[in-house]
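Below is one structure, written out as structure tokens, with a few remarks after it.
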Amino acid sequence: MDLDVSTREEGGRVVVVAIGEVDVFTAPQLDAELSRLTADGRTDLVVDLSRVDFLDSTGLSVLVKTLKRVREADGALDVVVTAERVAKVFRITGLDQLIPLHPSVADALAT
Amino acid sequence: MDLDVSTREEGGRVVVVAIGEVDVFTAPQLDAELSRLTADGRTDLVVDLSRVDFLDSTGLSVLVKTLKRVREADGALDVVVTAERVAKVFRITGLDQLIPLHPSVADALAT
Amino acid sequence: MPAATLSIPPSVEHVRTARLVAVAAARRAGLEESVVDDVRLAVGEAVARAVLRHGTAEIGEEVDVVVRDDGAIFEVEVHDRTAPDVGDEDDGVALALVRVLVPGTRLEVRSPGTCLTLTWLRPVPA
Amino acid sequence: MPAATLSIPPSVEHVRTARLVAVAAARRAGLEESVVDDVRLAVGEAVARAVLRHGTAEIGEEVDVVVRDDGAIFEVEVHDRTAPDVGDEDDGVALALVRVLVPGTRLEVRSPGTCLTLTWLRPVPA
Ligand SMILES: Nc1ncnc2c1ncn2[C@@H]1O[C@H](COP(=O)(O)OP(=O)(O)O)[C@@H](O)[C@H]1O
Ligand SMILES: Nc1ncnc2c1ncn2[C@@H]1O[C@H](COP(=O)(O)OP(=O)(O)O)[C@@H](O)[C@H]1O
């Protein structure tokens with residue numbers, strides 16, 4: 001209801017699209033999808049947050065957890081962020097230093 | 001902040017565009033603009049509510065008041081409504097029988 | 001326990017806050033989006049009525065809104081603190097609209113004011 | 001009088017309601033939109049922390065949120081009903097984020113629980 005999570009393949013990577021709000025209530029949905037993918041060995045991930053208008057620390061924790069799993073498997077995690085409100089959460093926690101942020105999926109796939 | 005009201009001329013009529021929510025707090029803004037226009041003898045009006053996502057009975061009262069003034073001056077009042085949520089308020093009060101509703105400004109001007 | 005209990009000052013700028021809370025709770029309760037629209041409008045009218053009555057009666061205290069999501073019903077109570085005979089002219093259209101939107105609306109005297117209770121049936125969970 | 005007083009059940013689905021109320025009040029207070037973003041995030045973290053503490057301590061009672069807009073300051077108090085020594089592990093990131101966003105954050109014991117007070121300076125009216 002507040003968050004919609006879907007997955008597709010594009011440019012040889014797995015793109016996970018989140019739409020809505022990622023918070024303490026909805027983050028488990030995103031966590032479930034990312035955990036399912038990494039457990040399946042799908043560790044070359046782009047998480048598209050361009051249609052997410054709110055993200056809290058629970059959402060960041062899901063991404064940090066995913067980053068660890070992806071790195072252990074020599075995979076990669078890129079995140080697409082467009083809303084300044086969301087970008088700010090990455091900046092103030094310093095997470096933008098650990099996870100590459102991109103302005104579009106095309107940009108994330110081109111790296 | 002919650003409501004923005006602006007006025008322009010188009011097709012020989014005065015088009016008043018409301019953007020936001022028209023409720024008990026903001027309706028006085030719409031009332032002020034419509035009262036100013038009718039007091040100036042501008043009584044051939046189109047009120048564009050296509051970007052209004054909420055309208056309560058206070059908003060309806062402003063339109064009813066405007067309708068009376070416009071009729072007294074042999075003018076006309078047309079209203080543009082696109083959101084079902086807003087259309088419903090007109091329907092359940094029967095105000096759609098008194099005020100012609102249109103799907104677009106172009107349509108309102110063509111009548 | 002109510003899904004939300006909200007108190008706001010009796011001024012029209014705060015009516016929107018009550019609508020936001022009621023709509024959020026209605027979505028949580030799983031009401032259809034068209035019913036959520038009715039909740040938004042009816043609660044807005046009921047709270048506007050309460051705020052305007054406080055204005056007429058020159059009562060500065062808060063208006064209270066209680067949202068309940070209990071079993072099969074979704075219910076919103078709007079409490080004002082005005083005497084029942086206050087300003088029955090001004091809130092005519094608002095109250096009429098509430099009654100049309102929410103057939104089971106109850107208006108009671110509940111000290112220290114009046115209480116308008118709006119009730120919706122919740123769809124049975126699948 | 002507070003701009004809004006809200007009580008919610010201690011479950012994560014209701015945290016969003018508290019964000020909505022705080023954001024509506026912040027806009028009414030005339031805060032800049034970038035500050036409103038900080039209010040949304042910080043209040044969300046503070047209320048999530050309170051709700052999670054209630055979960056850890058198995059306390060079923062409500063979490064209370066009081067929003068004040070008094071003169072030069074805009075302030076949000078989040079009251080939980082847990083003992084101060086409950087679950088200081090789980091709310092680490094949330095609390096750290098609140099402290100970064102809102103430098104004047106105060107965490108106090110206020111019976112029957114803890115109270116987190118977030119304070120923003122309001123721009124002087126033009
Ligand atoms: N917002 C954040 N910024 C930076 N690091 C974070 C953030 N959130 C979590 N972390 C780090 O990620 C790790 C795991 O996060 P946490 O959510 O606490 O664990 P888990 O995902 O196992 O529940 C911790 O080491 C924590 O410090
Ligand atoms: N929602 C509505 N539907 C139908 N008629 C309405 C509605 N709102 C107001 N009216 C009618 O419009 C007239 C003026 O409305 P009202 O707001 O009470 O007066 P005023 O605009 O002078 O304050 C009244 O006769 C009232 O019945």
Side-chain angles (χ1 to χ4, degrees), chain B residues 1-5 18-35 47 49-69 71 77 79-99 101 103, chain C residues 8-24 26-27 31-56 63 65 76 78 80 87-103 105 116 118:
Chain B
M1 173 172 44
D2 301 320
L3 180 66
D4 206 83
V5 179
I19 301 177
E21 301 189 339
V22 183
D23 77 349
V24 66
F25 175 46
T26 62
Q29 276 173 257
L30 182 61
D31 190 32
E33 180 64 358
L34 291 170
S35 296
V47 177
L49 302 179
S50 61
R51 288 157 80 187
V52 164
D53 47 25
F54 181 76
L55 183 104
D56 74 1
S57 67
T58 327
L60 290 183
S61 294
V62 169
L63 295 175
V64 169
K65 192 167 105 179
T66 305
L67 179 68
K68 284 183 194 159
R69 293 188 178 167
R71 283 187 175 172
L77 172 65
V79 173
V80 178
V81 171
T82 51
E84 163 56 21
R85 188 189 294 168
V86 173
K88 184 171 181 181
V89 192
F90 284 87
R91 269 203 315 276
I92 59 180
T93 58
L95 213 60
D96 61 341
Q97 305 298 312
L98 290 178
I99 301 180
L101 302 185
Chain C
I8 55 165
S11 68
V12 290
E13 71 200 88
H14 296 290
V15 172
R16 182 168 178 266
T17 305
R19 290 201 303 267
L20 291 174
V21 168
V23 164
R27 294 223 171 94
L31 299 181
E32 269 180 49
E33 205 54 27
S34 70
V35 180
V36 171
D37 283 347
D38 292 351
V39 170
R40 180 185 295 103
L41 181 57
V43 171
E45 298 290 339
V47 175
R49 168 186 174 274
V51 164
L52 296 176
R53 287 174 66 85
H54 276 228
T56 303
V63 166
V65 180
V76 181
V78 179
D80 65 46
D88 40 8
E89 300 277 313
D90 288 18
D91 60 26
V93 176
L95 192 53
L97 197 49
V98 171
R99 289 194 190 282
V100 171
L101 282 167
V102 195
T105 299
L116 202 53
L118 319 182

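A, B, ... follow the sequence lines: proteins, then strands. Residue 1 opens every chain.
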Inset, instruction - Working to the nearest 0.5 Å, report the span between CG of B:Asp23 and CD of C:Glu45. - result: 9.5 Å
Legend entry - Sole residue of C:Val51, C:Leu52, C:Val47 in side-chain contact (heavy atoms from CB on, under 4.5 Å) with B:Val24: C:Leu52
Legend entry - Atom of B:Asp56, atom of C:Leu41 and distance for their closest heavy-atom approach: CA-CD1, 4.0 Å
Inset, instruction - To the nearest 0.5 angstrom, please state how far the CZ atom of C:Arg16 sits from the CG atom of B:Asp2. - result: 5.0 Å
Inset, instruction - Would you mind telling me which of C:Arg19, C:His14, C:Glu13 has the largest number of heavy-atom pairs within less than 4.5 Å of chain B? - result: C:Arg19
Inset, instruction - Give a yes or no on this: more than 12 heavy atoms of other residues, nucleotides or ligands lie within 6.0 Å of atom CZ of B:Arg51. - result: no
Legend entry - Nearest-0.5 Å distance that lies between atom CD in B:Glu84 and atom CD in C:Glu33: 12.0 Å
Legend entry - Separation between CG of C:Leu97 and CD1 of B:Ile92, rounded to the nearest 0.5 Å: 4.5 Å
